[in-house]
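This report refers to the structure that appears directly beneath it.
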Amino acid sequence: MSIVKSIQSKIIERIGQAANSARENGDLQFEKMPEFVLEVPREKTHGDFATNIAMLMAREAKMPPRKIAEIILRHLSNEGTWIDRTEIAGPGFINFFLDYRWLYQVPPQVVELNENYGKSQVGQGKKVQVEFVSANPTGVLHMGNARGAAIGDSLASVLGAAGFSVTREFYINDAGNQIEKFAKSLEARYLQLLGEAVPFPEDGYHGQDLIDTMKVLVEKVGDKYKSVEEELRRELLVKYALEEKISVIKKTLENFGVNYDIWFSEQSLHDGGEIEKTINELRDKGFIYESEGALWFKSTRFGDEKDEVVVRSNGLPTYFAADIAYHKNKFQRGFDQVINIWGADHHGHVARMKGAVQALGYEPDRLTVVLMQLVRLFKGGEILRMSKRTGTYVTLNELVEEVGKDAARYFFIMRSPDSHLDFDLDLAKSQSADNPVFYVQYAHARISSILRQAEEMGYSIPQVSNVDLSLLTEQSELELIRKIADLPEEIANAALNLAPHRMTAYAHDLAGLFHVFYTNCRVLIEDEKLRNARLMLAQAAGICIRNVLRLVGVSAPDQM
RNA sequence: GCGCCUGUAGCUCAGGUGGAUAGAGCAACGGACUUCUAAUCCGUGUGCCAGGGGUUCGAGUCCCUUCAGGCGCGCCA
């Protein structure tokens, strides 16, 4: 347990004991202990912690809150709690002021745990799967996929650091209608490249990338497939192109710092008969009916607006049917919690997907869909319209090339998933102070520089046992330590609330406090004892920044 | 028409499962480098938290409603 957490829970325990002993004494009346909180007040002048217990008890105890607070304080034991003093404030808050020396426990712990500092066990090893991007393999990755990649990957990292057992998964839509379209488009491009005047399918994939893919194939096999019978030809083209496309997607994501544990093929669900099996199971349970020659799932039974087709009248299962089978497969693999990162344009599917999960007999809350709003791209103050159909969009590769992986990931993570994101290409690209990612990285570079120079000057990095941290009494030093102490809770909260953007907010705060410390307190000074204390603090701050940036997939440079 | 998301400072956004006087960055103005990187720091101010009701000790946060914007409502994925 983190230092903050253990101090906090100790005080909570003492408050409860005080209330109980007041009741036994006859000073206070209540049936059940209210669910009070002990939180960090917004205002520093309100102490390190504050509790609302007196206000919650007022009605039942038939006493004004401040009076209750007084009684509780009279019964409160401070022993072994770091409580320095208490006060009753406002409508009846009890404020706790700690002996600031508790902070001196923090830096040694950070240095000792190093890259493990900030981790916790709130996840209790529960198995969580995060499925994200899962882009159509017929195209290249665009801005929406980029946001999904950043959010999904960082969320997975944060969950991992909070003690969940995480699996990153990409669902490959390598079956169904769009593969048909893909095949026709490929065929047309192939034949066109061989000089034939074949028309391009109206609803085909117009992107330049298909032409490029086929060019490479023509170089390899020439016109060998020209004479092959149509169905087989398309099959061969798809197989080749799909492999190539997926490997490009894989490489693109790796380049973006995203590595998956599992690449799951939709086709494998068709091949293994899992879709049919799942539909039969739903039929047996009475959730499937036939109408107009198609099979429908009764999603309205689960609060959806309308029922949904699972098998079309032509006998082919829909994407939804495959997705149901896929989710059954997920739960069968033993995941306690399944998280999908979807674009907001898919929000209409959430209700029916959860309905299907419930119909299969799983608790629907075990599926969480994180919806992220769409990305609008700005350049030169104007919106860039993106269209996949016409092949005009900025790709993930181009983005990384233009603004770099660090800035791109930081920008995507900075905002909560449900905010509409305006991505300003010019700002992300600017190597200037306006760019928030540099602010954080710069703090890390400064720390590295100090440690580097300490070594050059023959000042060895002190051993934990030889440092007297009580020499750190400047406000900027204490505030920096306080922030460092928060990391484990910050990560845990980001994980439990599925809110990776809290990590960049924390990183920014931490970096800011370091910059203030840096300005006010010189580290490499003559006074060996103070120097060692500050070296350790700087070291701890560096570890924190590094650990947070790692979670969001941004590098922590040693110099800039 | 129905559903989901959003509406907080001039701009971009934070605001744990309701807490005390609503915050940051950018932009604007004025200061700080003989000293560990000035990509930094310090100072100066701005809000009917979209509007209106309600719940309670207490609401930016919860409920209802109106308005505005985005997205979705295919035997597509």
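Predicted model only: the values in this text are computed from it and were never measured. Excluded from the calculations below are hydrogen atoms, water molecules and symmetry mates; all remaining heavy atoms, backbone and side chain alike, are included.
If you take OH of A/Tyr205 and P of B/C76, they are 13 Å apart, rounded to a whole angstrom. The interatomic distance linking A/Leu56 (CG) with B/G58 (P) rounds to 13 Å, in whole Å. A/Phe49 places its CZ atom 17 Å from the P atom of B/G19, with the value rounded to the nearest Å. Separating the CE atom of A/Met503 from the C1' atom of B/G15 is a distance of 15 Å, rounded to the nearest angstrom. Atom CZ of A/Arg415 and atom P of B/G15 are 11 Å apart (whole Å). Atom NE2 of A/His420 is separated from atom P of B/A14 by 11 Å (rounded to the nearest Å). Atom-to-atom, CD of A/Glu180 to C1' of B/C75 comes out at 15 Å; the value is rounded to the nearest Å. A/Glu87 places its CD atom 11 Å from the C1' atom of B/A20, with the value rounded to the nearest Å.
Here A/His515 lies in heavy-atom contact (under 4.0 Å) with sugar-phosphate atoms only. A/Ala445 comes within contact range of at least one nucleobase, with a heavy-atom separation under 4.0 Å. Within the nucleic acid shown, A/Asn177 comes within 4.0 Å of sugar-phosphate atoms alone, with no base atom in reach, counting heavy atoms only. Within 4.0 Å of A/Asn493, counting heavy atoms only, lies at least one base atom of the nucleic acid. Within the 4.0 angstrom heavy-atom criterion, base atoms lie near A/Glu292. Nucleic acid contact class of A/Ala294 (heavy atoms, under 4.0 Å, all strands): base. Using a 4.0 Å heavy-atom criterion, one finds that A/His346 contacts the bases of the nucleic acid, with or without backbone contacts as well. Counting non-hydrogen atoms under 4.0 angstrom, A/Phe320 reaches nothing in the nucleic acid. Within the 4.0 angstrom heavy-atom criterion, base atoms lie near A/Ala50. Within the 4.0 angstrom heavy-atom criterion, no nucleotide atom of any strand lies near A/Glu308. Note on A/Val516: only backbone sugar-phosphate atoms sit closer than 4.0 angstrom, heavy atoms only; bases stay farther off. As judged by a 4.0 angstrom heavy-atom cut-off over every strand, A/Glu305 is placed among the base-contacting residues. Within the nucleic acid shown, A/Ala538 has no heavy atom closer than 4.0 Å to any nucleic acid atom.
Checked against B/U6, B/C36, B/G72, the side chain of A/His347 finds its nearest nucleotide in B/G72. Candidate nucleotides B/G23, B/C75, B/G72 were compared by shortest atom distance to the side chain of A/Glu43, and B/G23 ranks first. The side chain of A/Leu374 lies closest to B/C71 when the candidates are B/G19, B/C36, B/C71. Closest approach to the A/Thr519 side chain among B/A14, B/C5, B/C41 is made by B/C41 (side chain taken as heavy atoms from C-beta onward). For A/Leu371, the side-chain atoms get nearest to B/C4 when compared with the rest of B/A14, B/C75, B/C4. For A/Leu524, counting side-chain heavy atoms from C-beta on, the closest listed nucleotide (B/G19, B/C71, B/C36) is B/C36.
In terms of phosphate contacts, A/Arg352 brings no side-chain nitrogen or oxygen within less than 4.0 Å of OP1 or OP2 of B/C73. The phosphate of B/U56 has neither OP1 nor OP2 within less than 4.0 Å of any side-chain N or O from A/Arg59. Under 4.0 angstrom from either OP1 or OP2 of B/A20 there lies at least one side-chain N or O belonging to A/Arg42. Here A/Tyr439 reaches the OP1 or OP2 of B/C41: one of its side-chain N or O atoms lies under 4.0 Å away. For B/A14, the OP1/OP2 oxygens have a side-chain nitrogen or oxygen of A/Ser416 closer than 4.0 Å. Of the side-chain N and O atoms in A/Ser291, none sit less than 4.0 angstrom from OP1 or OP2 of B/C75.
By the 30° and 60° cut-offs, the orientation of the rings of A/Phe297 relative to A/Phe320 is tilted. The aromatic rings of A/Phe182 and A/Tyr205 lie perpendicular to each other, with more than 60° between the two planes, well past the 30° mark.
In this structure, B/G16 shows a glycosidic angle within 90 degrees of zero, which is the syn conformation. Regarding the sugar-base torsion, B/C48 falls in the anti class, its angle being beyond 90° of 0.
B/A59 sits 36 Å from B/C42 when the C1' atoms are compared, rounded to a whole Å. Nucleotides B/C75 and B/U66 place their P atoms 30 Å apart, quoted to the nearest Å. Rounded to the nearest Å, the gap between the P atom of B/A22 and that of B/U46 is 13 Å. Taking atom P in both B/G7 and B/A50, the straight-line distance is 8 Å, to the nearest Å. Comparing the C1' positions of B/G19 and B/U56 gives a spacing of 12 Å, expressed to the nearest Å. With both ends at atom C1', the span from B/C4 to B/G16 equals 23 Å, rounded to whole Å. Rounded to whole Å, the separation between the P atoms of B/U40 and B/A27 comes to 10 Å.
Residue side chain A/Phe93 meets the stacking definition with respect to B/A20: its ring centre sits within less than 5.5 angstrom of the base's six-membered ring centre, and the planes differ by less than 30 degrees.
A cation-pi arrangement is absent between A/Arg301 and A/Phe287, since the terminal nitrogen or guanidinium carbon is not both under 6.0 Å from the aromatic centre and inside a 45° cone about the axis. By the 6.0 Å and 45° rule, A/Arg85 stacks over the aromatic ring of A/Phe97.
Comparing A/Ser419 and A/Met560 by the nucleotide of RNA chain B that holds the closest heavy atom to each, the one mapping nearer the 5' end is A/Ser419. Residues A/Val311 and A/Thr51 both approach RNA chain B. Their nearest nucleotides, taken by heavy-atom distance, put A/Thr51 toward the 5′ side.
Aromatic ring centroids of A/Tyr171 and A/Tyr326 lie under 6.0 Å apart.
Pair assignment for B/G1 gives B/C73, based on Watson-Crick or G-U wobble hydrogen-bonding distances that are each under 3.5 Å.
Using a 4.0 Å cut-off between charged nitrogen and carboxylate oxygen, A/Lys181 and A/Asp203 do not count as a salt-bridge pair. By the 4.0 Å N-to-carboxylate-O rule, A/Glu305 lies too far from A/Arg352 to be salt-bridged with it. In this structure, A/Lys330 pairs ionically with A/Glu131, as a charged nitrogen and a carboxylate oxygen lie closer than 4.0 Å.
One can find a donor-acceptor pair under 3.5 Å joining the base of B/A20 and the side-chain atoms of A/Asn95. Scanning atom types as modelled, one donor and one acceptor separated by under 3.5 angstrom connect the side chain of A/Ser313 and the base of B/C75.
In summary, the side chains of A/Ser449 and A/Gln453 do present a donor paired with an acceptor at a separation below 3.5 Å, with no hydrogens or angles considered.
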